[in-house]
Amino acid sequence: MAFEADCSGIVAENQQLRQRVRELEQVEEERDHLREALRRSEEHVRLFVTYTPAAVAMFDRDMRYILASSRWLADYGLKEREIIGRSHYELFPDIPEHWRAVHRRCLAGASEGNDGEAFPRSDGHVDWVRWKIFPWHTTSGEIGGIMLFTEVVTERKRLEDTLRMQAKTLQELSTPIVPISQGVLVLPLVGVLDAARAQQIMENLLGKVVERQARVAIIDVTGVPHIDTASAAGLLQVARAVRLLGAQVVLTGIRPEVSRAIVGLDIELGGVVVRRDLQSGIAFANAAGSAAAAPPG
């Protein structure tokens with residue numbers, strides 16, 4: 001009986017050991033599956049970061065490269081260099097201190113960005129960069145480093161600057177101010193006159209009056225097809241502003257239909273000299289200049 005009991009105990013212990021081995025094997029298999037899943041996930045992240053069309057880089061807490069996209073390598077001239085494990089500041093020693101401060105703040109948990117910032121390079125040229133920086137976290141929830149998303153927008157910035165200069169030139173061409181004699185300016189207007197254009201006229205004309213020390217500014221509206229309450233009010237604002245600078249405004253070229261519209265709208269042109277055409281306006285300005293220059297007596 002004792003022998004049978006011993007045998008039964010051994011069999012039961014063997015069964016328990018087999019069950020434990022199976023459990024351990026299952027755990028090890030699950031661990032292998034998890035390792036494989038982690039490896040695939042890391043590979044997916046690496047492939048995504050590497051081949052994304054954006055310029056992306058991943059850094060550890062010491063600003064050493066973990067991953068970088070092909071676009072990042074191309075944008076920053078790193079294609080032929082092995083950068084993984086190297087310090088960002090070693091590769092770019094000319095990074096300004098305020099950007100390093102941004103890195104420190106993001107490593108502490110902040111997220112920051114800028115739609116366009118100048119980045120002076122060591123060779124003397126300046127790149128314009130749009131960027132976004134935020135921290136990434138480990139599985140335990142701690143900050144493991146930061147991610148940088150950047151876009152070099154230098155060419156776009158140059159294009160915007162060019163378009164801005166062209167727009168300014170077109171504005172100046174749409175309100176040409178012509179000096180015709182000492183102290184006399186002529187502003188021939190063509191096209192629609194609205195509130196925005198009246199403001200532009202005021203800014204340009206006031207600048208020229210001061211620059212040329214003008215005593216008469218002739219505004220010719222022969223080429224303006226229509227004058228309503230708003231445009232007439234804009235012209236009056238221009239006239240008042242010019243008079244504050246000590247110059248006289250002469251309005252010329254008012255056609256009959258425009259004249260009837262001004263009367264119908266009950267618009268008061270007080271303080272503005274009105275002449276039939278540009279030639280009459282110039283004659284008035286010259287006469288006013290001669291009177292001012294004549295000696296007393």
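Heavy atoms only: backbone and side chains are in, while hydrogens, waters and symmetry mates are out.
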Here the gap from I219 atom CD1 to L251 atom CG, rounded to the nearest 0.5 Å, amounts to 6.5 Å
Residue pair L148 / W131, side-chain heavy-atom distance below 4.5 Å | no
Evaluate the criterion side-chain contact (heavy atoms from CB on, under 4.5 Å) for residue pair W72 and Y65; output intermediate values, then yes/no.
-> CA-CA 12 Å; W72 179 281; Y65 279 88; 3.2 Å; yes
Say you draw a straight line from CG of L244 to CG of L206; how long is it, rounded to the nearest 0.5 Å?
-> 9.0 Å
For P135 and I143, work out which heavy atoms get closest and say how close.
-> CB-CG2, 3.9 Å
Shared hydrophobic cluster, L67 / F134 (ILVMFWY, side-chain heavy atoms < 4.5 Å) = yes
Is a side-chain donor or acceptor of R215 paired with a backbone partner of A285 at a separation under 3.5 angstrom?
-> yes
Is the closest side-chain heavy-atom distance between V249 and V238 below 4.5 Å?
-> no
Does the side-chain contact (heavy atoms from CB on, under 4.5 Å) test come out yes or no for Y76 and L91, once each step is laid out?
-> CA-CA 10 Å; Y76 298 107; L91 295 172; over 6 Å; no
R275 side chain to V250 main-chain N or O, any donor-acceptor pair under 3.5 Å?
-> no
Residue list, salt bridge (Lys or Arg N to Asp or Glu O under 4.0 Å) with R61, at least two apart or on another chain | none
Yes or no on side-chain contact (heavy atoms from CB on, under 4.5 Å) for V209 and L185, after CA distance, side-chain angles and deciding distance?
-> CA-CA 8 Å; V209 166; L185 301 175; 4.1 Å; yes
By salt bridge (Lys or Arg N to Asp or Glu O under 4.0 Å), R276 pairs with (sequence neighbours left out) none
Applying side chain to side chain donor-acceptor pair (under 3.5 Å) to Q279 and not counting sequence neighbours gives none
Distance-minimising heavy-atom pair for A247 and A214 | CB-O, 3.6 Å
Atom of L73, atom of A68 and distance for their closest heavy-atom approach = CD2-CB, 4.3 Å
By side-chain contact (heavy atoms from CB on, under 4.5 Å), which residues pair with A283, not counting sequence neighbours?
-> none
Residues in side chain to side chain donor-acceptor pair (under 3.5 Å) contact with R105, at least two apart in sequence or another chain | E112
OG/S181 to CD1/I282 distance, rounded to the nearest 0.5 angstrom?
-> 8.0 Å
Applied to residues 129-146, the salt bridge (charged side-chain N to carboxylate O under 4.0 Å, His left out) test, sequence neighbours excluded, yields R130-E151
Under a 4.5 Å cut-off applied to non-hydrogen side-chain atoms, are V186 and L278 in contact?
-> yes
side-chain contact (heavy atoms from CB on, under 4.5 Å) with S87: which residues, sequence neighbours excluded?
-> Y89, E90
Least distance between heavy atoms, A217 atom then V242 atom = CB-CG1, 4.3 Å
Qualifying residues under salt bridge (Lys or Arg N to Asp or Glu O under 4.0 Å), relative to E203, sequence neighbours excluded | none
With D277 via side chain to side chain donor-acceptor pair (under 3.5 Å) - residues at least two apart | S280
Tell me, please, which residues at least two apart from E82 pass salt bridge (Lys or Arg N to Asp or Glu O under 4.0 Å).
-> none
Between the CD1 atom in I133 and the CZ atom in F149, the distance rounded to the nearest 0.5 Å is 11.0 Å
Return the minimal non-hydrogen interatomic distance between A55 and D75, and the atom names on each side.
-> CB-OD2, 3.7 Å
Distance in Å, L187 CG paired with K208 NZ, rounded so as to fall on 0.5 Å steps | 11.5 Å
Just jot down the side-chain contact (heavy atoms from CB on, under 4.5 Å) partners of Q213, sequence neighbours excluded, or say none.
-> none
With I66, which residues qualify under side-chain contact (heavy atoms from CB on, under 4.5 Å), at least two apart?
-> M58, D60, W136
Hey, could you give me the CZ/CZ distance between R81 and R86, rounded to the nearest 0.5 Å?
-> 5.0 Å
Give the C-alpha distance, both sets of side-chain angles, the deciding distance and a yes or no for side-chain contact (heavy atoms from CB on, under 4.5 Å) between D115 and V153.
-> CA-CA 9 Å; D115 286 334; V153 294; over 6 Å; no
